[in-house]
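Chain identifiers are assigned alphabetically (A, B, ...) following the order of the sequence lines, protein sequences preceding nucleic acid strands; residue numbering begins at 1 within each chain.
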There are 2 protein chains.
Amino acid sequence: MSPAQRHPTMADVAERAGVSASTVSRTLRGYASVSAEVRERVERAARELNFAISRQAASLVTGKTGVVAVLVPILNSWFVGSALEGLGPVLRAAGLELVVYYVPDMAARADFFERLPARRNADALLVFSFDLTEEESARLDDLQMPVIYVSQHAEGRASVYVDDVAGALGGTRHLLNLGHRRIGFLRAIGVSGFTFSSNERLTGYRQALTEAGVPLDDDLVVGAVLGQDRTVVEAVGRLLSLQQPPTALFVEQDELAVAVLSTLRTSGFDVPERLSVLGFDDHDIARWAGLSTIAQSPTDIGRAAGELACALIETPDADRERHIVLPTHLIPRASTAPLMPPSATPEESRGAASDGRGTASGA
Amino acid sequence: MSPAQRHPTMADVAERAGVSASTVSRTLRGYASVSAEVRERVERAARELNFAISRQAASLVTGKTGVVAVLVPILNSWFVGSALEGLGPVLRAAGLELVVYYVPDMAARADFFERLPARRNADALLVFSFDLTEEESARLDDLQMPVIYVSQHAEGRASVYVDDVAGALGGTRHLLNLGHRRIGFLRAIGVSGFTFSSNERLTGYRQALTEAGVPLDDDLVVGAVLGQDRTVVEAVGRLLSLQQPPTALFVEQDELAVAVLSTLRTSGFDVPERLSVLGFDDHDIARWAGLSTIAQSPTDIGRAAGELACALIETPDADRERHIVLPTHLIPRASTAPLMPPSATPEESRGAASDGRGTASGA
DNA sequence: CTGAAAGCGCTAACAC
DNA sequence: GTGTTAGCGCTTTCAG
């Protein structure tokens, strides 16, 4: 067979450049100890032969795979997609490749933890938004590589996440500052096995109410399942039919908040006139929907996770329990407004809870 | 150092099981020629040692990397995300890993085609939605591995895509069947370097009009840039201010169509009463927005691409110019309606072109 | 500054 | 059925 059938090896490049394979290796890896003249010859030979190094062979001897693996429960998602986009450039800059373990269901998950294919085939593992069992985490612990938990705080392990408590605190304060006192909270009832920072956000909400002297009322905290519109309708209905219905609603996730907006719009219930709605995430659809929200940046999270991964790969004896906590910020849009509608006298705005009567409007 | 510090190798497993490394290799790869008793011992030893095979070492000798690479311009995207979700299970079933080359800009792109990191490090490459130059395609041609173009027809190369012409034809017929005769078409002016099947969809639109005897009118074909709402507003404005404005609008992409809906809603222009709007894709937001659309399934595309990749990897002498064309189907929702509003007499619905006056309605 | 030699962990002939 | 042997294509001592 002609040599074109087979990938050229370093030996081929070496022969063409009239040097040894070692020299080719040193040259291609940028060692300073190679003379300019030899470097020139080697680089030309490599180019002419279309030589590409085999990571496999290299990693066999170095022990490094040149790969960072991510474990994700979903790929068609704003959060994961954005995080991977943040991660990508970091890895490229470090000369690392990205392998994706897509584990959408329990069967795939069991298989992953059973075989742990990342072992020996990656230099670090990023775990996205999984609510792992202690046993699963333990399996990852003896993977002999840095494992970084993304978008969740993992006790005793490296992790990158946003400050959900502070975010929810700030969001709730925003509603309080607008004069609202009856503030509902809509939780996302997640698919089990995944984590959505639900508890932290609820904590921040409660903390803000407490520091403002507003009594907590469990009736104001309801839940709905993302994607099941019926549960959204029910949850909203439950809130609005309370003796003292809320005048503002903090929804744990933008996607859910948008479903709320759509439900309210359908029933002719004006936002923000009769109910202010605040989301969390700054998902793309929040902008579409004009939803006020607490923004987090998944891209930043991905980038930070990538940088942490690189750092931990480089210094194997580094602090493997480092936590990187990213900030959030409020983005006020059209879905939140001061308690009293402009048609009422603004001076009253610190008055008692409204009974929810705003401007009536037909479809 | 204790052996726990280092990954166990096949030799370790072999020693523990009291057999040779070859036997371990054969056992772990499921060769039938291994006796039940030995298989048992080997598997136990492997489990006890937490042995994981090194792909690197294996691929060094087999020449197969066990990796399928994808080249994507974006990751935070409904299409790419869904396609990867379709691809994932196929690869897992075949024991292949997924590596992602995320190439968001021209610099990264130049670098990718310069170094071609996939060379020697993957068994197949899936190219997503890139509008490659002939030179770039040629580079991929001599990659010595199957290259599959996803979501585009690549002449003389393997590809997987939906039938955009037929889809747009069907969509336009839907509008024609509803009685519309003045039908606008909104093109997505893409970021250059990416492909969005724009021309094919326009072709289908024209074909449907022609076969229905409706004269083509270039004034009805306008363009807008996704993400730049100003361009959407302008395009829609241009259409509506025509002497004979359209009564229906076919928008090349759902995301753009949703921007159109939002523009129209803002200006109090009722959909579908005064303008029917039809999208293309069946993007998640189409459901949110109640947008009628021509559905394609990126998941199916990803799955088909994965299966094609596996097939081409298995049979190196297979037909490397295979095209897989997937169907689309119409999903009617609330954004398209018969030409005449219900308030008019239904019998008139086949009458002359309306001048666009529907039910007047304040906000 | 460069070359020779050894070996990373595995698989594929080939013996037995 | 199972063991032995010889590399796969690199990097890394170690000489010089």
Side-chain angles (χ1 to χ4, degrees), chain A residues 1 3 5-43 45-46 49-67 95 117 119-123 144, chain B residues 1 3 5-43 45-46 49-67 95 117 119-123 144:
Chain A
M1 302 306 157
Q5 290 301 62
R6 173 186 133 284
H7 288 293
T9 74
M10 274 197 179
D12 298 324
V13 178
E15 185 184 348
R16 184 171 247 260
V19 295
S20 75
S22 324
T23 299
V24 174
S25 173
R26 287 191 273 251
T27 306
L28 265 29
R29 279 178 304 149
Y31 276 43
S33 66
V34 179
S35 74
E37 190 245 351
V38 167
R39 146 153 286 125
E40 165 65 25
R41 287 207 324 265
V42 169
E43 280 171 348
L49 290 177
N50 252 324
F51 173 77
I53 202 168
S54 160
R55 266 173 202 279
Q56 345 291 328
S59 69
L60 195 54
V61 26
T62 60
K64 309 256 122 222
T65 61
V67 163
R119 187 194 298 266
R120 260 153 133 1
N121 296 299
D123 296 339
Q144 316 250 32
Chain B
M1 308 305 161
Q5 290 301 60
R6 173 187 131 282
H7 288 292
T9 72
M10 274 196 180
D12 298 324
V13 177
E15 186 184 348
R16 183 171 246 261
V19 295
S20 74
S22 323
T23 299
V24 174
S25 172
R26 287 189 275 250
T27 305
L28 265 30
R29 281 180 301 151
Y31 276 44
S33 67
V34 179
S35 75
E37 189 246 351
V38 167
R39 146 154 284 127
E40 166 65 25
R41 285 204 331 260
V42 169
E43 280 172 348
L49 290 177
N50 253 326
F51 172 77
I53 202 168
S54 161
R55 267 174 203 279
Q56 345 291 329
S59 70
L60 195 53
V61 28
T62 60
K64 308 256 119 220
T65 61
V67 163
R119 187 195 299 266
R120 260 154 133 1
N121 296 300
D123 297 339
Q144 317 249 34

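- Looking at which nucleotide of DNA chain C each of B:Ala57 and B:Arg26 is closest to, the 5′-most match is held by B:Ala57.
- The backbone N or O of B:Arg119 lies less than 3.5 Å from a partner atom in the side chain of B:Asn121, making a donor-acceptor pair.
- Smallest separation of non-hydrogen atoms from A:Glu43 and A:Thr27: CG-CG2, 4.4 Å.
- Reading DNA chain C from its 5' end, the first and the last nucleotide to sit under 4.0 Å from a heavy atom of chain B are C:dG9 to C:dA13.
- Closest non-hydrogen pair, A:Arg26 versus A:Ser33, comes out as CD-OG, 4.4 Å.
- An end-to-end axis angle of 30° holds for the helix from C:dC1-D:dG16 to C:dC16-D:dG1, taken from five base pairs per end and rounded to 10°.
- In terms of heavy-atom proximity, B:Ala17 sits nearest to B:Val42 at CB-CA, 3.9 Å.
- A residue-by-residue look at A:Arg29 and A:Gln56 shows that A:Gln56 has its nearest nucleotide of DNA chain D further toward the 5' end.
- Looking at every heavy atom in both residues, B:Gly66 comes nearest to B:Asp123 through N-OD2, 2.9 Å.
- Of the residues near DNA chain D, B:Val61 and B:Ala21, the one whose nearest nucleotide (by heavy atom distance) lies more toward the 5' end is B:Ala21.
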What verdict does the side-chain contact (heavy atoms from CB on, under 4.5 Å) test give for B:Asp12 and B:His7, after you've listed the backbone C-alpha separation in whole Å, the side-chain angles of each residue and the deciding distance to 0.1 Å?
CA-CA 9 Å; B:Asp12 298 324; B:His7 288 292; over 6 Å; no
For B:Arg55 and B:Thr65: C-alpha separation, side-chain torsions, deciding distance, then whether side-chain contact (heavy atoms from CB on, under 4.5 Å) applies.
CA-CA 7 Å; B:Arg55 267 174 203 279; B:Thr65 61; over 6 Å; no
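- Nucleic acid contact for A:Ser22: base, since at least one base atom lies under 4.0 Å from a heavy atom of the residue.
- At a cut-off of 3.5 Å, with distance as the only test, a side-chain donor of B:Ser20 or B:Thr23 sits close to an acceptor on the other residue.
- With a cutoff of under 4.0 Å to any heavy atom of chain B, the contacted region of DNA chain D is bounded 5' to 3' by D:dG1 to D:dC10.
- The distance from the CD atom of B:Glu15 to the OG1 atom of B:Thr9 is 9.0 Å, given to the nearest 0.5 Å.
- Residue-level contact check: A:Arg55 touches neither bases nor backbone, having no heavy atom under 4.0 Å from any strand.
- The shortest heavy-atom contact between B:Val13 and B:Ala46 is CG1-N, 3.9 Å.
- Across all their heavy atoms, B:Leu60 and A:Ala57 have their closest contact at CD1-CB, 3.6 Å.
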